[in-house]
Amino acid sequence: MKRQTVCRGGTQRPCYKTVYFHDASRRVTYEEAHLACRADGGHLVSIETEAEQGLIQKFIESLVASDGDFWIGLRRKKAEVDNSTDCQNLYAWTDGSSSKFRNWYVDEPSCGSEICVVMYHQPSAPPGVGGPYMFQWNDDRCNMKNNFICKYSLDVTTEPFNPVFPEEHHKKDANVTVKEAKGMLLAYILIPSIPVLLLLMVITAIFCFWIFAKRQVTLFCNK
């Protein structure tokens with residue numbers, strides 16, 4: 001798993017974290033990604049301008065990641081839509097952003113049961129009618145497993161949109177809590193540290209054995 005945290009101007013907010021899993025089986029649903037970002041003090045990313053879209057693309061390109069889409073913080077507010085409804089107008093950012101910027105792939109969103117939004121990242125896929133499946137947006141089923149991008153900003157002035165998940169997805173993700181999301185983020189930190197901890201334990205054991213052996217030799221000589 002790769003994580004990359006980058007802030008504009010080096011330290012200025014907003015900051016972004018791209019979370020990419022080498023192992024596809026470890027990728028997460030939309031709700032899991034949403035909770036992981038919230039537990040970490042952010043939101044799934046809102047992309048408010050073409051310049052910000054380009055910035056996110058550079059972050060992902062620097063990961064040298066293989067195929068695997070990224071959840072972003074755009075989601076349809078209604079699970080069911082009438083055929084006469086322009087469903088593009090029903091999407092909102094989960095961090096409360098009012099930005100109308102969109103970067104849909106051609107003929108997207110397709111609506112229906114596809115409610116949550118990913119940023120395409122399929123470098124090995126042959127181009128479709130809209131060109132390569134790279135960085136455009138696509139609506140997808142919320143229970144699909146993907147990578148994700150978090151955004152951290154102090155400038156949110158509106159109430160965050162509280163997503164209401166369709167019943168079929170809500171049941172599947174009902175056991176996901178903020179506590180579990182925090183545990184997932186903690187695991188990202190602890191797992192890479194295990195080899196270092198084991199090495200320290202071995203060094204400590206060798207040192208203790210050396211001290212013990214030295215004392216035994218000293219006692220024997222004194223006798």
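- Side-chain atoms of Pro123 and Ser66, non-hydrogen and from C-beta on, never get closer than 4.5 Å to each other.
- In terms of the side chain to side chain contact (heavy atoms under 4.5 Å, CB included) criterion, residue partners of Met144 (sequence neighbours excluded) are, by chain and number, Trp71, Asp140, Arg141, Asn146.
- The minimum heavy-atom distance between Arg26 and Val28, with the atom names listed, is O-CG1, 3.7 Å.
- Side-chain contact between Ile72 and Ile47 is present, with at least one heavy-atom pair separated by less than 4.5 Å.
- In this structure, CD1 in Ile149 is found 11.0 Å from OG in Ser46, a value given to the nearest 0.5 Å.
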* Could you give me the CA-CA distance, side-chain angles and deciding distance for Tyr152 and Asp40, then say whether side-chain contact (heavy atoms from CB on, under 4.5 Å) is met? => CA-CA 9 Å; Tyr152 307 84; Asp40 200 33; 2.5 Å; yes
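- Side-chain contact of Ser25 with Asp23: a donor-acceptor pair under 3.5 Å is present, judged by distance alone.
- For the pair Phe59/Thr18, a side-chain contact is recorded, criterion being any heavy-atom separation below 4.5 Å from C-beta on.
- Shortest non-hydrogen contact noted between Ala33 and Leu44 is CB-CD2, 4.0 Å.
- In this structure, the separation between CG on Asn138 and OG on Ser110 is 6.0 Å, given to the nearest 0.5 Å.
- Scored by the side chain to side chain contact (heavy atoms under 4.5 Å, CB included) test, Gln136 finds Asn103, Tyr105, Tyr120 as partners (sequence neighbours excluded).
- Taking each heavy atom of Arg102 and Tyr91 in turn, the nearest pair found is NH2-O, 3.4 Å.
- Take Ala125 and apply the side chain to side chain contact (heavy atoms under 4.5 Å, CB included) test, not counting sequence neighbours, and it matches Gln122, Tyr133.
- By the 4.5 Å heavy-atom criterion applied to side chains, Trp104 and Gln88 are counted as neighbours.
- Annotation for Ile56 and Met119: closest pair CG2-CE, 3.8 Å, computed over non-hydrogen atoms.
- Aromatic ring orientation, Tyr20 versus His22: perpendicular (interplanar angle above 60°, classes split at 30° and 60°).
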* Applying side-chain contact (heavy atoms from CB on, under 4.5 Å), run through Val118 and Tyr30 and close with a yes or a no. => CA-CA 9 Å; Val118 294; Tyr30 187 90; over 6 Å; no
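- Scanning all heavy atoms of the two residues, the minimum distance from Val19 to Phe70 falls at O-CE2, 3.8 Å.
- A donor-acceptor contact shorter than 3.5 Å links the side chain of Arg76 to the backbone of Glu114.
- With sequence neighbours left out, the side-chain hydrogen bond (donor to acceptor under 3.5 Å, both in side chains) criterion links Ser124 to Asp67.
- Side chain of Asp69 to backbone of His121: a donor-acceptor contact under 3.5 angstrom is found.
- Legend: residues meeting side-chain hydrogen bond (donor to acceptor under 3.5 Å, both in side chains) with Trp137, ordered by chain and number and at least two apart, are Gln53.
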* Show your reasoning for whether side-chain contact (heavy atoms from CB on, under 4.5 Å) applies to Glu32 and Phe148. => CA-CA 10 Å; Glu32 289 168 337; Phe148 60 96; over 6 Å; no
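- Here Glu50 contributes atom CD and Leu55 contributes atom CG; the two are 13.0 Å apart, rounded to the nearest 0.5 Å.
- Atoms CG and OG1, from Leu35 and Thr29 in turn, are 8.0 Å apart once rounded to the nearest 0.5 Å.
- Side-chain contact between Tyr16 and Cys150: absent, with no pair of heavy atoms (C-beta onward) separated by less than 4.5 Å.
- Interatomic distance, CD1 of Ile115 versus NZ of Lys77, reported as 13.5 Å (0.5 Å rounding).
- Under the rule for a salt bridge (Lys or Arg N to Asp or Glu O under 4.0 Å), the partners of Glu48 that lie at least two apart in sequence or sit in another chain are Lys151.
- Contact between Arg75 and Cys116 at its shortest, heavy atoms only, is NE-SG, 3.6 Å.
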